[in-house]
Trainee: 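One structure coming up, written as structure tokens, with questions to follow.
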Amino acid sequence: MHVHLHDLGPTPATLDDAAAQQERLRPLVDTTAPGPTDLRTAAGIDVAHHDGTDEVVAAVVVLDATTLRPVETRTVRGRAGHPYVPGFLALRELPVVTAALEELEHTPDLIVCDGAGVAHPRRFGLACHVGLLTGVPTIGVAKSPPLPFEMPKPARGSWTPQVEGDEVVGRALRTQHGVQPVFVSVGHRIGLDAACEHVLRLARHRLPETTRRADRLARDAALRV
DNA sequence: GCGACAG
DNA sequence: ATCTTGTCGC
């Protein structure tokens, strides 16, 4: 039962093409769906880079959402699709991420992406891209704020909204008491409340276990070249 | 023109 | 993302 990947059109060759693709796909994002009611498995994706080269490793980890134990792990080595440009992370990471998702034998109930969802200049960050690509509910969890934010109270679970214009596009969410918040935004097929609940459920440290596991796996694989 | 900008 | 030692806290 592999993850079925949808065709999102040709890979953009330029930043202008990529921006146009983001604008084109953005209306397809579903921000109002309830998300998975019974979260059995959650996947994390991350990409590790090399020194200054374009060699990258993508790692996908599927965790049992209750025990937080991995049920499947995959790594794929490849090349960055493009140098990193703010607002265009998908241009760089999506090629390897797609390759890693193709290897996946489990279809997770949720995918946690390292980066932004709709908290993005054109409301279409990497998590939205992965959501439309897979049809699986996705959320973005970023380690640094994509927008200015107000610091939430120190308690675990407290949060402040991230607003752009008159829209709430994400939250600064405290996953551990007194620890720097993470920045959660919806990717696809889930709402912000549910997204934050899942992040808290998956977080034993600052970052959700999905992200930590994928990060470590990709990093390890990148070192043993 | 200069700095900032998810990773 | 990546380059890096010690330090504080559970």
Side-chain angles (χ1 to χ4, degrees), chain A residues 12 15 18-19 21-22 25-26 29 44-60 75-100 111-133 138-149 154-156 162-165 167 169-188 192 195 199 203-208 210-225:
Chain A
L15 291 182
Q21 185 191 42
Q22 290 171 347
L25 297 177
R26 152 183 162 183
V29 166
I45 311 185
D46 196 22
V47 176
H49 308 259
H50 246 57
D51 314 304
T53 71
D54 60 350
E55 292 183 42
V56 294
V57 176
V60 187
T75 59
V76 169
R77 192 171 296 282
R79 299 200 160 267
H82 193 279
Y84 172 65
V85 179
F88 297 94
L89 181 61
L91 203 53
R92 175 173 179 73
E93 295 194 343
L94 201 60
V96 233
V97 165
T98 304
I111 300 177
V112 181
C113 296
D114 197 18
V118 298
H120 176 274
R122 284 164 299 280
R123 301 282 192 285
F124 198 80
L126 179 65
C128 303
H129 223 131
V130 172
L132 291 188
L133 182 68
T138 57
I139 63 184
V141 177
K143 296 178 286 296
S144 63
L147 297 165
F149 72 103
R156 172 182 155 99
Q162 287 201 284
V163 180
E164 193 176 296
E167 275 183 270
V169 294
R171 283 177 193 169
L173 175 67
R174 204 76 90 153
T175 52
Q176 294 301 319
H177 185 107
V179 172
Q180 196 69 16
V182 298
F183 305 91
V184 180
S185 61
V186 167
H188 184 47
L192 189 51
V199 168
R204 311 208 300 181
H205 302 280
R206 181 191 179 216
L207 293 172
T210 40
T211 309
R212 299 183 83 226
R213 272 285 191 356
D215 187 90
R216 239 193 52 185
L217 193 64
R219 196 183 231 87
D220 288 353
L223 289 180
R224 33 192 278 193
V225 172

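Note that these values count all heavy atoms, side chains included, but never hydrogens, waters or copies made by symmetry. Throughout, a chain's letter reflects where its sequence line sits, starting with A, and its residues are numbered from 1.
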Trainee: Just the table, please: protein N/O against nucleotides 3-7 of chain C N/O, every pair under 3.5 Å.
Mentor:
none

Trainee: Report all side-chain donor-acceptor pairs from residues 87-100 of chain A shorter than 3.5 Å, counting only partners two or more places apart or in another chain.
Mentor:
| unit_1 | atom_1 | unit_2 | atom_2 | d |
| --- | --- | --- | --- | --- |
| Arg92(A) | NE | His49(A) | ND1 | 3.3 |
| Arg92(A) | NH1 | His82(A) | O | 3.2 |
| Arg92(A) | NH2 | His49(A) | ND1 | 2.7 |
| Glu93(A) | OE2 | His49(A) | NE2 | 3.3 |
| Thr98(A) | OG1 | Leu94(A) | O | 2.6 |

Trainee: Looking at Arg123(A) and Arg26(A), would you say the former's side chain and the latter's main chain have a donor-acceptor pair under 3.5 Å?
Mentor: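 Judged by distance alone, no pair lies under 3.5 Å.
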Trainee: Would Arg122(A) and Gln22(A) count as a side chain to side chain donor-acceptor pair (under 3.5 Å) if you check the C-alpha gap in whole Å, the side-chain angles of each, and the deciding distance to 0.1 Å?
Mentor: CA-CA 7 Å; Arg122(A) 284 164 299 280; Gln22(A) 290 171 347; 2.4 Å; yes
Trainee: Just wondering, do Arg212(A) and Arg204(A) contact through their side chains at under 4.5 Å, heavy atoms?
Mentor: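 No - every pair of side-chain heavy atoms lies 4.5 Å or more apart.
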Trainee: What N/O pairs connect the protein and nucleotides 4-7 of chain B at under 3.5 Å? Give each pair on its own line.
Mentor:
| unit_1 | atom_1 | unit_2 | atom_2 | d |
| --- | --- | --- | --- | --- |
| dA6(B) | OP1 | Pro145(A) | O | 2.7 |
| dA6(B) | N7 | Gly87(A) | N | 3.0 |
| dA6(B) | N6 | Gly87(A) | O | 3.0 |
| dA6(B) | N6 | Phe88(A) | N | 3.2 |
| dA6(B) | N6 | Leu89(A) | N | 3.0 |
| dA6(B) | N6 | His120(A) | NE2 | 3.2 |
| dA6(B) | N1 | Leu126(A) | N | 3.1 |
| dA6(B) | N3 | Ala116(A) | N | 2.9 |
| dG7(B) | OP1 | Lys143(A) | N | 2.8 |
| dG7(B) | OP2 | Ser144(A) | OG | 2.6 |
| dG7(B) | O3' | Asp114(A) | OD2 | 3.4 |

Trainee: Based on Watson-Crick and G-U pairs with both distances under 3.5 Å, what dot-bracket line describes DNA chain B 5' to 3', crossing pairs as [ ] and inter-strand pairs as |?
Mentor: .......
Trainee: For Gln162(A) and Leu147(A), indicate whether the former's side chain and the latter's backbone hold a donor-acceptor pair under 3.5 Å.
Mentor: yes
Trainee: Between the side chain of Ser185(A) and the main-chain N/O of Gly170(A), is any donor-acceptor distance below 3.5 Å?
Mentor: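 No.
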Trainee: Find the distance between CG (Asp114(A)) and CG (Asp46(A)) and round it off to the nearest 0.5 Å.
Mentor: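 Separation between the atoms: 4.0 Å.
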Trainee: If the condition is side chain to side chain contact (heavy atoms under 4.5 Å, CB included), which residues does Arg216(A) pass it with, not counting sequence neighbours?
Mentor: Asp220(A)
Trainee: Answer yes or no: is there a donor N or O on one side and an acceptor on the other, between the side chain of Arg206(A) and the main chain of Gln176(A), under 3.5 Å?
Mentor: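 A pair under 3.5 Å: no.
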Trainee: Hey, what do you get for CG (Leu132(A)) to OG1 (Thr138(A)), rounding to the nearest 0.5 Å?
Mentor: 7.5 Å
Trainee: Dot-bracket for DNA chain C, 5' to 3', with Watson-Crick and G-U pairs under 3.5 Å, [ ] for crossing pairs and | for other-strand pairs: what is it?
Mentor: ..........
Trainee: Identify the residue among Val141(A), Val184(A), Val199(A), Leu207(A) that makes a side chain to side chain contact (heavy atoms under 4.5 Å, CB included) with Thr175(A).
Mentor: Val199(A)
Trainee: Distance check needed: dT2(C) C1' versus Glu55(A) CD, whole Å only.
Mentor: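 The distance from CD of Glu55(A) to C1' of dT2(C) comes to 14 Å, rounded to the nearest Å.
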Trainee: Enter the distance from Glu164(A):CD to His120(A):NE2 here, rounded to the nearest 0.5 Å.
Mentor: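 Rounded to the nearest 0.5 Å, the CD-NE2 separation comes to 10.0 Å.
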